[in-house]
Amino acid sequence: MSDTKLPKALTSPRTRALTLCGATVAALFGVAAFVPLPYTLTFPGVTADTLGSYQGRPVLTVTGAPVRATQGQLRMVTISATNPGERTTLWRSLQAWFDEDEAVRPSETVYPQGDPAKANEVTAQQMAESQDAATTAALGYLQLSPAQVKVKIDLGDIGGPSAGQMLALGIVDKLRGDGNGGDLTGGLTVAGTGTIDDQGVIGPVGGVPLKTQAAARDGATVFLVPKDECSDAKVNLPEGLRLVPVGTLGESVSALEALRTGGAVPGC
């Protein structure tokens, strides 16, 4: 055995104590990294063309008025999340922090009800209300009677209120287009998000940076975003995706017209 002696500084009680503390902290951190935390991971979800079909069924079915054949796409976008009650770990949260395709949010902000069945019930109700508001806003904009024109909307199991704007635009495009025989989209793939009320006012929704990722992934080159969320929308904005801020259904239609005709288009 070597008779080489270690320096006193390395064998002092203070050094041994610090080494022991450091090892203990490292062990605790290692355990904590895998302990479930009350956070939920969110990431880009599915998109659906409101002018086309979703899961094999037409998104919009209009009766009581002539319906146009359309070109281009008007895509509503979603975010997906880990299941209610499924807790992420510190290590997984740190990984998500550095991934632009994921976000970490407190679970109670994603699933306020806690119970998965209740959460699904609430989002389904929000979608039903959004569909009614989108129909009322679109028919009001077109000055058509809801008593005569009926709109059936089918987005499968997609829930929440954020499809309102794109559903309303889809109804307008199918019934009137650009008013001159053409399409609102001008043949482009346009995506967007935003709640809508009966008067056509578009509201914020949250999760916009993940929604722009989903939109670009599925071919969109234009993204209609609620005015109040311009700053959020610019975070990790995919290359080639143009942001267009809007506040009402009328503004959305006007913005699409400007895109088609080369007019002035608002930007974030």
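Worth knowing before you read on, the calculation uses all heavy atoms, side chains too, and leaves out hydrogens, waters and symmetry mates.
- Leu74 contributes atom CG, which lies 11.5 Å from atom OG1 of Thr47 (distance to the nearest 0.5 angstrom).
- When side chains are defined from C-beta on, Phe43 does not count as touching Ile79, because their heavy atoms never get closer than 4.5 Å.
- The pair Arg75-Asp49 does not count as a salt bridge, with every side-chain nitrogen at least 4.0 angstrom from each carboxylate oxygen.
- At least one donor-acceptor pair under 3.5 Å links the side chain of Arg68 to the backbone N or O of Gly182.
- Between the Thr261 side chain and the Glu257 main chain, a donor and an acceptor come within less than 3.5 Å of each other.
- Using modelled atom types, one side-chain atom of Thr185 and one backbone atom of Gln71 make a donor-acceptor pair closer than 3.5 Å.
- Taking the side chain as every heavy atom from C-beta outward, Val151 and Thr61 never approach each other to under 4.5 Å.
- Thr195 places a side-chain N or O within 3.5 Å of a backbone atom of Gly203 that can act as its donor or acceptor partner.
- At least one donor-acceptor pair under 3.5 Å links the side chain of Thr212 to the backbone N or O of Pro209.
- Side-chain N or O atoms of Gln213 include one that pairs as donor or acceptor with a backbone N or O of Asn236 at under 3.5 Å.
- Taking every heavy atom of both residues into account, Gly45 and Ser80 meet most closely at CA-OG, 3.4 Å.
- Nearest heavy-atom pair, Gly64 versus Val149, reported as atom, atom and distance to 0.1 Å: O-CG2, 4.1 Å.
- Using a 4.5 Å cut-off on side-chain heavy atoms (C-beta onward), Thr248 and Glu251 make contact.
- Thr221 places no side-chain N or O within 3.5 Å of a backbone atom of Leu241 that could act as its donor or acceptor partner.
- Looking at every heavy atom in both residues, Ile202 comes nearest to Pro226 through CG2-CG, 4.1 Å.
- With contacts defined as side-chain heavy-atom distances shorter than 4.5 Å, the pair Ser162/Lys211 qualifies.
- As a member of the Ile/Leu/Val/Met/Phe/Trp/Tyr network built from side-chain separations under 4.5 Å, Val235 groups with nothing else and remains a singleton.
- Using modelled atom types, one finds a donor on one side chain and an acceptor on the other under 3.5 Å when comparing Gln165 with Ser252.
- One hydrophobic cluster, built from ILVMFWY side chains closer than 4.5 Å, cannot hold both Ile196 and Val205; they sit in different ones.
- When the side chains of ILVMFWY residues are joined at heavy-atom separations under 4.5 Å, either directly or via intervening members, Leu249 and Leu51 end up in a single hydrophobic cluster.
- Of the possible polar contacts, none joining the Thr123 side chain to the Gly159 backbone as a donor-acceptor pair under 3.5 Å is found.
- Using a 4.5 Å cut-off between side-chain heavy atoms of Ile, Leu, Val, Met, Phe, Trp and Tyr, with links allowed through other members, Phe223 and Val265 fall into different hydrophobic clusters.
- Gln199 places no side-chain N or O within 3.5 Å of a backbone atom of Ala137 that could act as its donor or acceptor partner.
- The shortest heavy-atom contact between Leu224 and Met166 is CD1-SD, 4.3 Å.
- The distance from the CG atom of Leu144 to the CG atom of Leu142 is 5.0 Å, given to the nearest 0.5 Å.
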side-chain contact (heavy atoms from CB on, under 4.5 Å) for Ile153 and Thr50? Distances and angles first, verdict last.
CA-CA 9 Å; Ile153 300 174; Thr50 62; over 6 Å; no
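- With 3.5 Å as the limit, one finds no donor-acceptor pair spanning the side chains of Thr63 and Lys150.
- When every heavy atom of Gly164 is checked against every heavy atom of Ala134, the shortest pair comes out as O-CB, 3.6 Å.
- For the atom pair CG of Leu139 and CD of Gln148, the computed distance is 10.5 Å after rounding to the nearest 0.5 Å.
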Where do Leu167 and Leu155 land on the side-chain contact (heavy atoms from CB on, under 4.5 Å) test, with the steps shown first?
CA-CA 10 Å; Leu167 289 170; Leu155 279 169; 4.1 Å; yes
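- Met127 approaches Ala163 most closely through the heavy-atom pair CE-CB, 4.2 Å.
- Within the 4.5 Å cutoff, side-chain heavy atoms of Tyr54 are placed close to those of Ile158.
- Cluster annotation: Leu169 is not connected to Leu243 through the hydrophobic network of ILVMFWY side chains, with a link wherever side-chain heavy atoms come within less than 4.5 Å.
- With respect to the salt-bridge test (charged N to carboxylate O, under 4.0 angstrom), the residues Arg260 and Asp183 do not qualify.
- The CD atom of Gln131 sits 11.5 Å away from the OG1 atom of Thr136 when rounded to the nearest 0.5 Å.
- Both Met76 and Val244 are part of a single hydrophobic cluster, where members link through side-chain heavy atoms under 4.5 Å apart.
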Let's go through Gln55 and Asp157 carefully: what are the C-alpha distance in whole Å and the side-chain angles of both, what is the deciding distance for side-chain contact (heavy atoms from CB on, under 4.5 Å) to 0.1 Å, and is it a yes or a no?
CA-CA 10 Å; Gln55 294 181 338; Asp157 59 358; 4.1 Å; yes
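- Residues Thr42 and Leu210 form a side-chain contact, since some pair of their non-hydrogen atoms from C-beta on lies under 4.5 Å apart.
- Applying the disulfide (SG to SG under 2.5 Å) test to every pair with at least one member in residues 210-243, sequence neighbours left out, gives these pairs: Cys230-Cys268.
- Of the inter-residue distances, the one linking Gln126 atom CD with Glu121 atom CD reads 11.0 Å to the nearest 0.5 angstrom.
- Side-chain contact between Pro161 and Glu129: absent, with no pair of heavy atoms (C-beta onward) separated by less than 4.5 Å.
- To the nearest 0.5 angstrom, Leu259 atom CG is 5.5 Å from Arg242 atom CZ.
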